[in-house]
Amino acid sequence: MSTVTTTVTAETRIFGIRHHGPGSARSLRLALEKFSPDAILIEGPADADPLLGFISAEGMEPPVALLGYHPDEPSKAALWPFAVFSPEWQAMRYGAENTVPVGFFDLPAAMTLALEDEPGDRSDPLAELAEAGGYDDAERWWDAIVESSSDADIFDAVNEAMAVLRETAVIDEHTLRREAYMRQVMRKSLKDGAQRLAIVCGAWHGPALSGKLGPAAADARVLKGLPKGKAMLTWVPWTHSRLSSSSGYGAGITSPGWYHHLFTQTEQPIVRWLTKVAGMLRTHDLPVSSAHIIESVRLAETLATLRERPLAGLSEVTEATRAVLCDGDETVLRLVSSEMVVGEALGAVPDGTPTVPLEADLRAQIRTLRLKQQALERTIDLDLRTERDKAKSHLLHRLRLLGIGWGQLTDGQVRNTGTFRETWTLRWRPELAIAIIEAARWGTTLRTAAEAKVLDTAANPEATVGQVSAALEAALLADLGGATDGLIARLESVAALDHDVTHLMAALPGLLRTLRYGDVRGTDSDALTRVADGLLVRACAGLPSAVTGLDGDGAAELRALIDAVHLALSARENEWATATWLAALQTLADRTDINGTLVGRAVRLLCDAEIIGSAESARRLSAALSVGHSAAEKAAWIDGFLGGRGLLLVHDRNLLSLIDAWLCGLDEDQFVATLPLLRRTFGAFESGERQAIAHSVRNGAPTAIATTQGEYDSARGQLALRAAAEILGIAG
């Protein structure tokens with residue numbers, strides 16, 4: 001009996017693709033089905049193989065990215081993104097659907113991070129092919145030749161073209177190392193029994209992996225001595241915009257939204273695309289009818305015919321969109337490009353994906369609070385009287401403290417209806433995945449991590465009263481009860497050593513705000529009240545010396561602090577605190593040796609508090625405008641007194657008369673010197689206020705100043721009226 005032994009020769013096929021190309025992806029699927037491989041190797045970090053099991057898991061929705069990071073230094077990270085139209089993703093899906101072993105065969109992430117090299121290709125050989133084909137844009141060339149069609153046999157031609165380009169190219173050391181590692185993994189796969197091995201890699205690498213692999217010793221020498229660090233790997237959600245070349249991604253494309261459409265809509269892609277564009281324009285209240293869609297489709301197809309293309313590509317569709325749907329408006333076309341051609345689709349990963357405990361806690365809270373991670377910007381309004389909205393507020397504030405910028409507080413709408421409401425603008429960005437990993441060093445949950453970080457920030461020896469106060473306010477907003485006592489103690493110690501009145505005053509408004517919403521958020525404000533009151537006493541005691549010798553800029557800065565403290569104390573409605581503060585302002589109002597803007601502001605605030613009556617304020621204004629003060633000093637007093645309060649002159653004709661008479665009495669030099677400050681003062685008034693003041697001036701405001709003897713100088717009066725109208729910004 002004889003035995004016949006049959007030797008089966010292993011076959012390796014190279015499929016050189018362009019990353020994130022729908023034509024490549026579709027052609028690759030056809031080629032894999034035709035080749036029927038028993039093993040597939042894909043360009044990607046070799047140590048990410050354990051994550052391939054998640055490809056077919058429920059909840060995995062591209063675009064996604066492999067994230068590799070150093071466990072001890074999360075900021076050192078690398079990303080390998082994939083979309084549904086990425087050839088590599090389709091190769092993974094083919095393997096999962098047909099039970100074919102799939103693996104990555106590029107340099108491991110641990111080695112890539114240690115080398116500090118970019119994992120993607122550094123050059124674009126397609127640009128050279130496009131130039132040879134008469135195209136000035138590689139994207140348009142690839143779109144015309146590959147992406148608009150599907151051909152299982154195109155890979156041999158691509159590999160041949162790359163081989164010609166590599167003959168004269170200078171291959172960088174990083175690429176040579178990667179290709180050496182790829183060949184080593186290929187040898188191992190063949191040794192393990194692969195008979196029909198499919199290699200899916202960037203087209204540039206194809207020629208280096210084709211034919212006989214040769215002895216392994218040469219590749220071993222190239223790889224000898226390479227550093228081997230540590231790396232953790234996981235899947236993270238990604239977005240189409242981050243696949244765009246404009247995002248800085250080295251292997252990026254210009255039209256991910258368009259490519260996604262081409263891959264997922266195989267029937268009448270042009271008609272469906274232009275219909276989607278029309279729908280998007282309608283959401284922006286732009287008039288687009290069915291007739292517009294029909295005409296734009298005809299134009300795109302006509303352009304493709306004239307250019308001898310089998311199907312309209314992005315350039316033809318864009319020109320049709322510009323001419324018909326956008327009516328030639330480039331601004332609208334940019335909107336189409338941003339929302340449609342690039343797009344902002346956000347992927348998702350399964351719940352069981354490996355992650356740090358902090359991210360697991362975030363995911364759990366997002367589910368509990370029914371929030372959605374969306375790539376498009378959206379606004380939410382929170383009512384802090386409801387438990388769910390209060391919990392959402394706490395979550396978003398904790399994320400801000402940890403540097404995870406999912407939400408931005410819209411300050412202009414937070415307190416306009418009281419302290420019970422907050423408005424947030426939410427937008428999830430892929431890079432936040434790295435921010436979460438970086439923040440994980442502070443703790444395993446969002447609460448403990450935020451508490452640890454805010455306490456560490458406040459413990460900085462260089463921290464000022466204002467910074468510690470801001471940290472305390474942030475902790476209360478985030479409901480970090482475990483950090484509150486430590487922050488209050490730290491604030492007391494820092495405040496005791498800080499003798500700068502401006503620092504104390506800068507810290508007060510934030511502390512007083514927390515006292516206002518303390519009851520809303522259920523926080524204990526007794527200790528906070530003690531600290532705030534102590535800061536107020538010290539600020540009031542040091543204010544008289546702090547205002548001495550200030551120039552115009554210094555006085556303006558201090559005036560802003562005085563306004564902020566006064567507003568915060570008014571909202572607090574505490575009799576003792578208000579009386580203490582008004583007594584300090586009274587001291588300023590009686591001073592004659594400090595910058596006029598501070599005196600004028602003190603008088604104005606005391607007048608608003610009904611400590612100084614209108615007659616007394618008019619007397620003080622008259623005294624400030626009397627002989628003995630320069631024109632600039634008088635203008636500064638008026639600026640402090642009137643700043644932001646135009647209605648005062650509308651209703652108080654006596655004050656208007658005083659200012660009008662003073663202005664009329666200025667000589668030319670004094671007027672020129674005073675004009676800039678007065679223009680700033682009156683320019684800050686509302687337009688309606690300026691019009692009312694100008695009307696009063698034109699019609700002759702009653703004068704409370706002693707009139708001069710002799711005839712009235714009409715010419716001079718008209719000159720003064722025109723000057724006043726110019727200051728108010730109103731045509732005479």
Side-chain angles (χ1 to χ4, degrees), residues 59 61 63-65 67 69 74-75 77 79 81 234-243 247 339 343-351 353 355-384 386-414 421-454 457 470-471 473-480 483 521:
E61 297 179 12
V64 293
L67 167 63
Y69 62 92
S75 59
L79 290 147
T234 186
W235 288 107
V236 296
W238 207 245
T239 63
H240 279 168
S241 65
R242 295 293 290 161
L243 287 171
S247 70
E339 295 193 16
E344 198 57 275
L346 176 66
V349 299
D351 290 338
T353 306
T355 184
V356 293
L358 186 68
E359 184 174 4
D361 182 51
L362 174 58
R363 290 182 186 177
Q365 293 196 42
I366 287 175
R367 285 196 302 270
T368 301
L369 299 175
R370 298 178 183 176
L371 289 168
K372 291 184 179 180
Q373 294 170 296
Q374 296 179 339
L376 293 176
E377 188 175 279
R378 68 188 183 100
T379 300
I380 61 172
D381 292 305
L382 302 180
D383 185 343
L384 302 182
T386 67
E387 289 302 318
R388 183 180 295 277
D389 279 5
K390 188 191 296 186
K392 290 178 181 178
S393 173
H394 293 158
L395 170 64
L396 293 170
H397 280 291
R398 290 170 187 173
L399 292 174
R400 288 185 74 197
L401 274 172
L402 291 169
I404 305 169
W406 181 19
Q408 294 295 324
L409 195 61
T410 307
D411 296 327
Q413 302 178 33
V414 175
R421 304 199 68 83
E422 280 185 350
T423 301
W424 290 84
T425 300
L426 303 183
R427 183 188 179 193
W428 188 264
R429 292 169 288 115
E431 52 267 30
L432 294 180
I434 299 177
I436 293 171
I437 294 171
E438 290 179 327
R441 66 190 177 97
W442 297 108
T444 57
T445 67
L446 291 173
R447 175 189 285 274
T448 58
E451 287 175 345
K453 183 175 181 182
V454 76
T457 300
E473 183 179 8
L476 290 172
L477 287 167
D479 190 30
L480 303 179
R521 297 174 180 274

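Pairing each heavy atom of P63 with each of A345, the nearest pair is CG-O, 3.8 Å. Of all heavy-atom pairs spanning A483 and V454, the tightest one is CB-CG1, 3.8 Å. Contact between P81 and L243 at its shortest, heavy atoms only, is CB-CD2, 3.8 Å. Across G403 and A435, no two heavy atoms sit closer than the pair O-CB, 3.9 Å. In plain terms, the two heavy atoms of P430 and P237 that are nearest each other are CB-O, 3.8 Å. A pairwise comparison of heavy atoms in A439 and A449 identifies O-CB, 4.3 Å as the closest pair.
Atom CZ of R378 has more than 12 neighbouring heavy atoms from other residues, nucleotides or ligands inside a 6.0 Å radius.
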Full working for side chain to side chain donor-acceptor pair (under 3.5 Å) between T239 and S241: CA-CA 5 Å; T239 63; S241 65; 3.2 Å; yes
side-chain contact (heavy atoms from CB on, under 4.5 Å) evaluation trace for L79 with I434: CA-CA 10 Å; L79 290 147; I434 299 177; 4.0 Å; yes
Verdict with supporting geometry, T444 and D361, side-chain contact (heavy atoms from CB on, under 4.5 Å): CA-CA 8 Å; T444 57; D361 182 51; over 6 Å; no
Test log, rule side chain to side chain donor-acceptor pair (under 3.5 Å), inputs T410 and T425: CA-CA 7 Å; T410 307; T425 300; 3.3 Å; yes
Chi angles and distances behind the side-chain contact (heavy atoms from CB on, under 4.5 Å) call for W442, L401: CA-CA 11 Å; W442 297 108; L401 274 172; over 6 Å; no
Candidate pair L432 and R429, rule side-chain contact (heavy atoms from CB on, under 4.5 Å), full reasoning: CA-CA 6 Å; L432 294 180; R429 292 169 288 115; 3.6 Å; yes
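Rounded to the nearest 0.5 Å, atoms NZ (K453) and CG (L480) are 12.0 Å apart. A distance of 12.0 Å separates CD of E431 from CG of L67, quoted to the nearest 0.5 Å. Atom CD1 of residue I436 and atom CG of residue L399 lie 7.5 Å apart, to the nearest 0.5 angstrom. Separation of atoms CG (L395) and CG (L446) is listed at 6.0 Å; rounding is to 0.5 Å.
In this structure, E422 and L477 have side chains that are in contact, with non-hydrogen atoms separated by less than 4.5 Å. Side-chain contact check for D383 versus R421: some heavy-atom pair is nearer than 4.5 Å. In this structure the side chain of T234 never reaches within 4.5 angstrom of the side chain of V356, judged on heavy atoms. The side-chain heavy atoms of I380 and L396, taken from C-beta on, include a pair separated by under 4.5 Å. Looking only at side-chain heavy atoms (C-beta outward), W406 and Q373 come within less than 4.5 Å of each other. Counting heavy atoms from C-beta on, the side chains of Q374 and L426 never come closer than 4.5 Å. R363 is listed as a side-chain neighbour of V349, based on a closest heavy-atom distance under 4.5 Å. At a threshold of 4.5 Å between non-hydrogen side-chain atoms, the residues T355 and T353 do not count as touching.
In this structure E339 satisfies the side chain to side chain donor-acceptor pair (under 3.5 Å) test together with H284, sequence neighbours excluded. With sequence neighbours left out, the salt bridge (charged side-chain N to carboxylate O under 4.0 Å, His left out) criterion links R367 to D351.
Here the side chain of R447 pairs a donor or acceptor atom with the backbone of D479 at under 3.5 angstrom. Without hydrogens or angle criteria, S393 side chain to D389 main chain gives no donor-acceptor distance under 3.5 Å. At distances below 3.5 Å, at least one donor-acceptor pair connects side-chain atoms of R427 with backbone N or O atoms of A375.
H394 pairs with exactly one of K390, H397, K392 by the side-chain contact (heavy atoms from CB on, under 4.5 Å) rule, that one being K390.
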